[in-house]
Amino acid sequence: MKARSLPLSPGVYLMRDKSGTILYIGKAKKLKERVSSYFINNKSHSTKVKRMLLHLDHFDVIHTNTELDALLLECRLIQKHRPMYNRQMNAFERYNYMNISTENGAVHLSVTPLPEEDYSFGPYTSYRRLPEIKEILEKLYGLKPNKLWQQLYDQPADPENTETIIEELLAAFSGHSQLVEGRIERKMLEFSEQLRFIQAAQWRDDWTLIQYFFKKHAQLLLHPLSQREWHALWLPTDAGKKCYLIYQGLITAEKEFPGLKTKNKRELTKLSRKLIPDKIEAFDTFSKEQIDFINILYIYLQKVDDYQLLSLKK
């Protein structure tokens, strides 16, 4: 079997039907083990995998030097070919932005496929949840006073100052959501004290979703790799080491160093700086294509230990 002859090294595999159409693209730290697992009569296969195997005719593999190379290549290929059995990283065009604007002294929130308005944040991979986040914030700050849910789940109060609303929303979408979360907690307690438990429970559910949403995106936003500074990620390979030059969460250059074994930070930093270009364009919002790569890098560094991440001062 072709799968058994594959090496125990990282790479990407492409499952194809008889016509050569790509059904599924996957990555593996050890190609032999991962690809062979599809051809074992395993009852644990998901319905999706079983359905794909009915149409599978052959597969191709692309060898890479590191697991990270395989992850990044998988993402690029999925975005390019859109295989029918790939859901993750196949929906990037549906990622949306949250926009905050003011008109006639009133604050408006909108969810759009492209950044616009005065302030835009995103793109967010939680595109199905974004309209719900928008509605919670509108309810919290009384931005839609004529809506029924605003009358049911809010307490009569003087309208909040526009500058205060903008300040708190900008802080939340910039990674500091404590003020927004605190407001929701106070709403929940107020309704509980009045024995209006249905409304209190709704605010509790809103608080849980808001906390999850902002925590998830703050971790990525505030991670050093997303900032406007240079980093060098060094990973070991079979032949030596490989350096990835990172700026604002994206890999801008990479280079292999065969035979290099050192872990000396000063030596590695010196080699890394030589890869920094003279000019690079900074951006305020990530594109839809970029966000999956940033997530891949962030998640990858959370689960591996054998790497060196160096901050570079240009």
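- There is a side-chain donor-acceptor pair under 3.5 Å between Thr66 and Asp69.
- Side-chain contact between Leu137 and Leu143 is absent, with no heavy atoms from C-beta onward closer than 4.5 Å.
- Annotation: side chain of His231 is in contact with side chain of Leu309 (closest heavy-atom distance under 4.5 Å).
- Inspection of the Tyr300 and Asn295 side chains reveals no N or O donor paired with an N or O acceptor under 3.5 Å.
- Within a 6.0 Å sphere centred on NZ of Lys255, other residues, nucleotides and ligands contribute 12 heavy atoms or fewer.
- Side-chain contact check for Thr112 and Asn99: at least one donor-acceptor pair (N or O, by modelled atom type) lies under 3.5 Å.
- Going from atom CD of Gln79 over to atom CZ of Phe293 covers 5.0 Å, rounded to the nearest 0.5 Å.
- For the 3.5 Å distance criterion, the side chains of Lys29 and Ser9 fail to qualify, holding no donor opposite an acceptor.
- Between Glu138 and Leu109, the closest side-chain pair of non-hydrogen atoms falls below 4.5 Å.
- Comment: Lys303 engages Glu67 in a salt bridge, judged by a side-chain N to carboxylate O separation of less than 4.0 angstrom.
- Around the NZ atom of Lys30, the shell of radius 6.0 Å holds no more than 12 heavy atoms that belong to other residues, nucleotides or ligands.
- The side-chain contact (heavy atoms from CB on, under 4.5 Å) test with Lys241 singles out one residue from Glu256, Lys261, Lys263, and that residue is Lys263.
- Nearest heavy-atom pair, Val61 versus Leu6, reported as atom, atom and distance to 0.1 Å: CG2-CD2, 3.9 Å.
- Tracing side-chain contacts under 4.5 Å through hydrophobic residues (I, L, V, M, F, W, Y), one reaches Tyr307 starting from Leu72; they form part of the same cluster.
- Using modelled atom types, one finds no donor on one side chain facing an acceptor on the other under 3.5 Å when comparing Glu116 with Tyr97.
- Contact annotation: the side chain of Lys242 never approaches that of Leu233 to less than 4.5 Å [non-hydrogen atoms, C-beta and beyond].
- For the atom pair CD1 of Ile62 and CD of Glu74, the computed distance is 11.0 Å after rounding to the nearest 0.5 Å.
- A continuous path of Ile, Leu, Val, Met, Phe, Trp and Tyr side chains, each step under 4.5 Å between heavy atoms, connects Val304 with Ile296, placing both in one hydrophobic cluster.
- Residues Arg34 and Ser37 have side chains that bring a donor and an acceptor to within less than 3.5 angstrom of each other.
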Run the side-chain contact (heavy atoms from CB on, under 4.5 Å) test on Ile280 and Trp230 for me, step by step, so that the C-alpha distance in whole Å, both residues' side-chain angles and the decisive distance to 0.1 Å come before the verdict. CA-CA 11 Å; Ile280 190 166; Trp230 292 96; 3.6 Å; yes
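- In this structure, Arg16 does not pair ionically with Asp57, as no charged nitrogen and carboxylate oxygen lie closer than 4.0 Å.
- Hydrophobic clustering (ILVMFWY, side-chain heavy atoms < 4.5 Å, transitive): Trp207 and Phe197 are in distinct clusters.
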Using side-chain contact (heavy atoms from CB on, under 4.5 Å), reason through Lys2 and Asp60 one step at a time and then give a plain yes or no. CA-CA 10 Å; Lys2 181 180 176 182; Asp60 298 320; 4.3 Å; yes
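- At least one side-chain heavy atom of Glu267 sits less than 4.5 Å from a side-chain heavy atom of Leu260.
- The CG atom of Leu140 sits 9.0 Å away from the CD1 atom of Ile165 when rounded to the nearest 0.5 Å.
- In this structure, CG on Leu297 lies 10.5 Å from CD on Gln302, to the nearest 0.5 angstrom.
- Connection of Val107 to Leu170 is established within a shared hydrophobic cluster, with ILVMFWY side chains joined at heavy-atom distances below 4.5 Å, either directly or through further cluster members.
- Placement of Leu189 and Val180 in two distinct hydrophobic clusters is found when ILVMFWY residues are connected by side-chain heavy-atom separations under 4.5 Å, directly or transitively.
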Could you check Tyr247 against Glu229 for side-chain hydrogen bond (donor to acceptor under 3.5 Å, both in side chains), going step by step and ending with a plain yes or no? CA-CA 6 Å; Tyr247 184 74; Glu229 56 186 79; over 6 Å; no
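- Both the sub-6.0 Å distance and the 45° axial angle are not jointly satisfied by Lys27 relative to the ring of Tyr13.
- One finds the CZ atom of Arg129 at 5.0 Å from the CD atom of Glu132 (value rounded to the nearest 0.5 Å).
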Steps toward side-chain contact (heavy atoms from CB on, under 4.5 Å) verdict (Leu245, Glu254): CA-CA 6 Å; Leu245 190 65; Glu254 53 189 82; over 6 Å; no
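- Heavy atoms only, all atoms of each residue included: Thr162 and Gly105 are closest at OG1-O, 2.7 Å.
- Contact check for His217 versus Ser126: side-chain heavy atoms found under the 4.5 Å cut-off.
- For the pair Cys75 and Asp292, the tightest heavy-atom approach, listed with the atom from each and the gap, is SG-CB, 3.7 Å.
- In this structure, Phe213 and Phe173 have perpendicular ring planes: the angle between them is above 60°, well past the 30° mark.
- Using a 4.5 Å cut-off on side-chain heavy atoms (C-beta onward), Phe121 and Ile100 make contact.
- When all heavy atoms of Met15 and Tyr38 are compared, the closest pair comes out as CE-CD1, 3.5 Å.
- Crowding of Glu167 atom CD: a count of heavy atoms from other residues, nucleotides or ligands under 6.0 Å not exceeding 12.
- Neither side chain, Thr262 nor Asn264, offers a donor N or O lying under 3.5 Å from an acceptor on the other.
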side-chain contact (heavy atoms from CB on, under 4.5 Å) for Met52 and His45? Distances and angles first, verdict last. CA-CA 11 Å; Met52 181 194 71; His45 281 332; over 6 Å; no
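- The two residues Ser177 and Phe214 make their nearest non-hydrogen contact at OG-CB, 3.5 Å.
- With contacts defined as side-chain heavy-atom distances shorter than 4.5 Å, the pair Arg128/Arg94 qualifies.
- Side-chain contact of Trp234 with Ser272: a donor-acceptor pair under 3.5 Å is present, judged by distance alone.
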Salt bridge (charged side-chain N to carboxylate O under 4.0 Å, His left out) assessment of Asp206 paired with Lys187: CA-CA 11 Å; Asp206 291 345; Lys187 295 280 188 185; over 6 Å; no
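- Closest of all the heavy-atom pairs between Ala70 and Gly11 is CB-O, 3.5 Å.
- Look at Arg196 and Glu190 and you find no salt bridge, because none of the NZ, NE, NH1 or NH2 atoms lies under 4.0 Å from a carboxylate O.
- Here the straight-line distance linking atom CD1 of Ile22 with atom CG of Leu77 works out to 7.0 Å at 0.5 Å rounding.
- No donor-acceptor pair closer than 3.5 Å links the side chain of Asn104 to the backbone N or O of Ala106.
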